[in-house]
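A short write-up of the structure that comes next.
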Amino acid sequence: MGELGVEHFLSLSAALFIIGMMGVLIRRNILIIFMCVELMLTAANISLIAFGWQMHSLDGQVFVLFTIAIAAAEAAVGLAIILALSRRVHTVDVAEIHELRD
Amino acid sequence: MMTTSETTPSVADFPADYPSTGSLSISEDRTLDDGSHLITLNMGPQHPSTHGVLRVILKLDGEVIVDCDPVIGYLHRGVEKLGESHRYAQVVPWTDRTDYVAAPLNNLGCVMAFEKLCDLRAPERAEYWRVIMAELSRIASHLVWLGTHALDIGALSMSLYCFRERELILDIFEAFCGARLTTNMMEIGGFSRPIPPALPGMIRDFLKIFPERMKEYAGLLDANPIWLARTKGVGVITQEAALSYSLTGACLRGSGINYDIRKAMPYLVYDRLDFEVPLGTYGDVFDRYLVRMEEMRQTIKIITQALDHVEKMDTPLMAYESAYVIPPHKGTMTTAEDMQRHFVWVIKGFSPPVGEAYVGIEHSKGELGYYVVSDGSSLPYRFRVRSPDFVNLGVLPHLAQGAMLADVVALIGTIDIVLGSVDR
Amino acid sequence: MPWDLIIFYMLAAVCIAAALGVVVATNPVHSAIFLVLCFFNVAGVFVMMGAEFLAVIQVIVYTGAILVLLLFVLMLVNPDDLPEFHQGKPVQRVVGGLLGLILLLEIAIAILNREVVGVTGTATPEAIAAVGGNTQAIGRLLFSDYLLAFEVVSLVLTVGVIGAIVLALPERLGEKVVQRKGTISLGHARGVDMEALGEGTPEGEAPILSGRGGFAKASGGRKLVMTNDPDEYTGA
Amino acid sequence: MDEPIWLKFIVAFVIMNVLLVGMAYMTYFERKVLAAFQDRMGPTRTGPKGLLQPLADGAKLLGKEDLIPGSADKWVFFFAPLVVFVTAITSVAVIPFGTSFDVAGQTINMTIADLNIGALFVLAISSVGVYGIILGAWASSNRYSLLGGLRAAAQVVSYEIILGLSLVGIFILTGSLNLGDIVAEQSRTLSIGPFEISNWFILSQPLAFVLFLIAAVAETNRAPFDLPEAETELVSGFHTEYSAFRFSFYFLGEYIAMIVMSLFASTLFLGGTDGPGSDSHVLLGILWLLLKTILFLFFYVWLRATLPRFRYDQLMGIAWKVLLPLVLLNIVVTAAVRLAVNS
């Protein structure tokens, strides 16, 4: 570990991804789940750039650009759904939303 | 939304949680049927643009107002009750304190009510001077309205320009009666003091300056897209609504209803003066703005005519022949009889005949009515003030529903309230 | 220890701490603040990998737009609808933690034992500097090899925006008010008459910077009706 | 980038302090200009011609009681003003105050951080500044503040788009996001027939310039786009509950953001340090930049003195229905012209 290598970035990416995943599993507030999903996406982005950085390739960065764009669209739609949910069923607790299905 | 029905709906017709005015409290937030969460916003009584101490409780859905409830009474000083415990001549100064931005107009209404009670009329020359002072006061009042209304909507400089011109009018008042704000200018029976020789010149100067300045205001606001966007189509009062809320003044005429007391029931010498009444077409904030601006121009016309006329006159200013009028001050220094008469009038006041009188005048804000009942004593039995902005303020909830938060300040401004007059 | 390693550890430490904060914070707004902090440091990490353009995009899009929107929604949503600290049921918590640990182990093994099988690309730092920098290099790649993907992504964004608008649009309809003119006057038999008057159409939304209404018109392009007679009807 | 790091710190330190003093006197400038607009005197009592007024204001602000509402979120409440201040002052790092010059054997680069993505950096930082407003508004637990925060969030996100896209035309013409390159591009003189005109982007991108100005005013929350703090509606909006030291950070942040936005606009559209004699004298270049900046600052004050405030829905309507199509049109036209000229 004497030199800054791709392992460092991958480890960081893994840590962020797992924290995000645990957040999704543990929390019930839909907004926090949303944030954790964003965290996981970012973790994936770090990996993509890290590999590209190691292999002297820019493809990883282009992928990340697309990911960010898709994440923006996802955020817009997701947040709109949350807003609509809050208006219609008065909760953003996923467990309760689940119960409202039937 | 106003519904016109044959019978007045009773309280029982509405469900308990029906959003009606007068029922809002700041402690409860409410959720609408469609799930929108309402925020309660308590606006005032300490708020920069509620024109004093008006308090408005708003229920907001985001920025849109669902419900609005004006709460008044923070400036209530019991002017009507005070009027019933003072002798007639002493009541007039209290009226200064109701609509304090247009004190001479208040004085005028009160004095005219008392004169009607005593069946007495001021001399013609005094009536001309009353018209001049009342119309100057109307401009002063409209300038405060314009300045604060524009300031509320965000045009910062407007207020300073307006107060600059208002200073000129206040200087005229000061030269005329010695006071600037609470003038106590009108007296029962005319004017007991002579007109200062410099006064006509001061008024002429003002008449020369003001139309130019009016052009500046209009140039700053009329052609301003943001001003148009903020005022056009906002706060529309339909004619039905204007009538059913008994609006008067520019709020009524802005909706296109032709009712100006100076024309409809001419008092003083208004029937001898040539002026026009502006009427709006759409009844929105911008129409009321245009109406008031045009009123100021017409007022200039009125003052010019009245001044031209009165400067040639050399008749008395006071109806001294009446017993209800304060005796001349001049004789008190030389003869005992005059001094006694004066003394008795001042100490005991006068007792008008038993009866009642109502006089409504066209105040800058609408119909200002004074209703006096005399039981033959030297104190009014009943003294009632129909203040125009109190009545006009009633339309605020109607206007505010469905408007946006930023519109509320525009609406409060367009109704043109002075809390001293609303609360009395 | 070299400088870049120290900086990386600093960034990574803050990043992970902030990420933990996102998950643990009781208040969603605090979570969002932690997420902003985390993304900022991720941007720093991007810079360390030579992805300056993406670092800035990360800040502009994620922190500047997505999280602002998130906070916006957080403030719009009724606070009562937000459960205060609904940790999952104990089973959920244990399973979540366990799965996370297993995944961490797997990934750790993968990272430590991995071999490079790909072919080294051509985008060496020298090559990137030759075309003018990271931004230019990405731009060239984006508009040559990835042009189709780029177009598809723009389409997705457009659809996303429209979808969001449709979802969040409240159903409100403006009411049209028909305007009339009339008079009340003591000189008139009924006092009020509004029948004989023409109907005006109300002005809708006032024009801003548009042709209608326009600039610099006297009286805002509107005319007042001037009347001299109290009994005069002021219609058409 | 060859200069030692301590020299960088000195340059940064000097520029930052100049900026802070400039901010203080920006308030004085605003009050005086506003007073002139409004037919009054402005500050006159503190020092000659009121010149010490900013210092007095500062001393007063620091001496006030620092109130924190009981129901406020203390940490966020504490943290939010700093965000506004720090982000405002950070963006100045990429503004080129001239090219490098040599003093005592050291080459001093007049840009603190000569980033390749300088223009985007300014945008990114200014988009982060809104957190200070939103979080401060939320932490105050005051409804006026909350509404101000909501308005700020929607406004900044919308106008950020206009701000960014209005610069794309410049990027197309320059081929670089580096502010130094953009200034260099504008320093060229074009000869059209017998005339020699400078290549300032205000001439080739007039529409973008207008759009940028509008968006910049909205981005800095100044009149007529000062909805988040609309004092006549929201009673100062997001900083209703702030006082004393914390309030002064918001205040500093707002004015520094204005100055930075003006510097940014001068750099992008008015040639930055370019001007007669700026090639040979670095200081003359800085002077030109300052003059242009003051021009923009005057524009800010002018707007404030003249225009009423927009309503929230109108603000949004303008951004999405008027400005966005225009800014896209500008990009398309610029790209087409560039293509036509190149081929």
Side-chain angles (χ1 to χ4, degrees), chain C residues 3 25-30 32-37 39-40 43 46-47 50-77 79 128-129 131-140 161 165 172 174 205-211, chain D residues 73 75-76 79-80 83 87 115-131 133-135 137-139 141 143 145-158 160-161 163-164 171 175-178 181 210 214 310-311 313-315 317-318 320-323 326:
Chain C
W3 272 106
T26 47
N27 192 323
V29 173
H30 291 172
I33 296 171
F34 280 124
L35 198 59
V36 172
L37 188 61
F39 282 169
F40 242 98
F46 282 5
V47 172
E52 301 149 16
F53 179 69
L54 282 176
V56 175
I57 292 298
Q58 169 91 4
V59 173
I60 291 182
V61 176
Y62 264 114
T63 57
I66 295 184
L67 288 178
V68 171
L69 263 186
L70 188 97
L71 276 174
F72 193 77
V73 171
L74 262 178
M75 291 178 187
L76 272 187
V77 169
I128 290 175
V131 292
N134 172 258
T135 316
Q136 281 86 343
I138 289 186
R140 275 162 203 272
V161 168
I165 292 172
R172 246 185 232 104
E205 194 185 334
I208 316 159
L209 306 175
S210 71
Chain D
D73 191 314
W75 282 105
V76 182
F79 172 70
V83 174
T87 52
L115 299 183
N116 272 334
I117 40 158
L120 281 186
F121 181 81
V122 176
L123 295 181
I125 293 298
S126 75
S127 73
V128 173
V130 71
Y131 279 102
I133 295 176
I134 303 177
L135 294 177
W138 175 80
S141 83
R143 283 176 181 170
S145 300
L146 186 69
L147 285 167
L150 287 174
R151 285 179 174 190
Q155 176 177 336
V156 170
V157 167
S158 304
E160 182 79 22
I161 295 167
L163 196 71
F171 300 154
S176 169
L177 299 176
N178 184 320
D181 292 352
V210 172
I214 296 173
F310 275 110
R311 204 172 56 203
D313 57 330
Q314 293 163 347
L315 181 89
I318 294 171
W320 294 98
K321 291 183 200 156
V322 182
L323 300 184
L326 282 177

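Proteins come first, then strands; the chains are lettered A, B, ... in the order of their sequence lines, and each starts at number 1. Note: hydrogens, waters and symmetry copies are ignored here, and every other heavy atom, side chains too, is used.
Under the 3.5 Å distance criterion, the side-chain polar atoms of Tyr131(D) are matched with a main-chain donor or acceptor of Thr63(C).
The candidate with the highest count of non-hydrogen atom pairs below 4.5 Å against chain C, out of Leu123(D), Val157(D), Val76(D), Leu120(D), is Leu120(D). In terms of non-hydrogen atom pairs under 4.5 Å with chain C, the most contact-rich of Leu146(D), Leu150(D), Val130(D), Ile161(D) is Leu150(D). Residue with the most contacts toward chain D among Leu67(C), Val61(C), Ile57(C): Leu67(C) (heavy-atom pairs, distance under 4.5 Å).
Residue contact with chain C, scored on non-hydrogen atoms closer than 4.5 Å, is absent for Ala139(D).
Here the CG-CD1 distance, from Leu35(C) to Ile66(C), works out to 9.5 Å after rounding to the nearest 0.5 Å.
The shortest side-chain heavy-atom distance between Leu323(D) and Ile214(D) falls under the 4.5 Å cut-off.
In Phe171(D), the CZ atom is crowded: over 12 heavy atoms of neighbouring residues, nucleotides or ligands sit closer than 6.0 Å.
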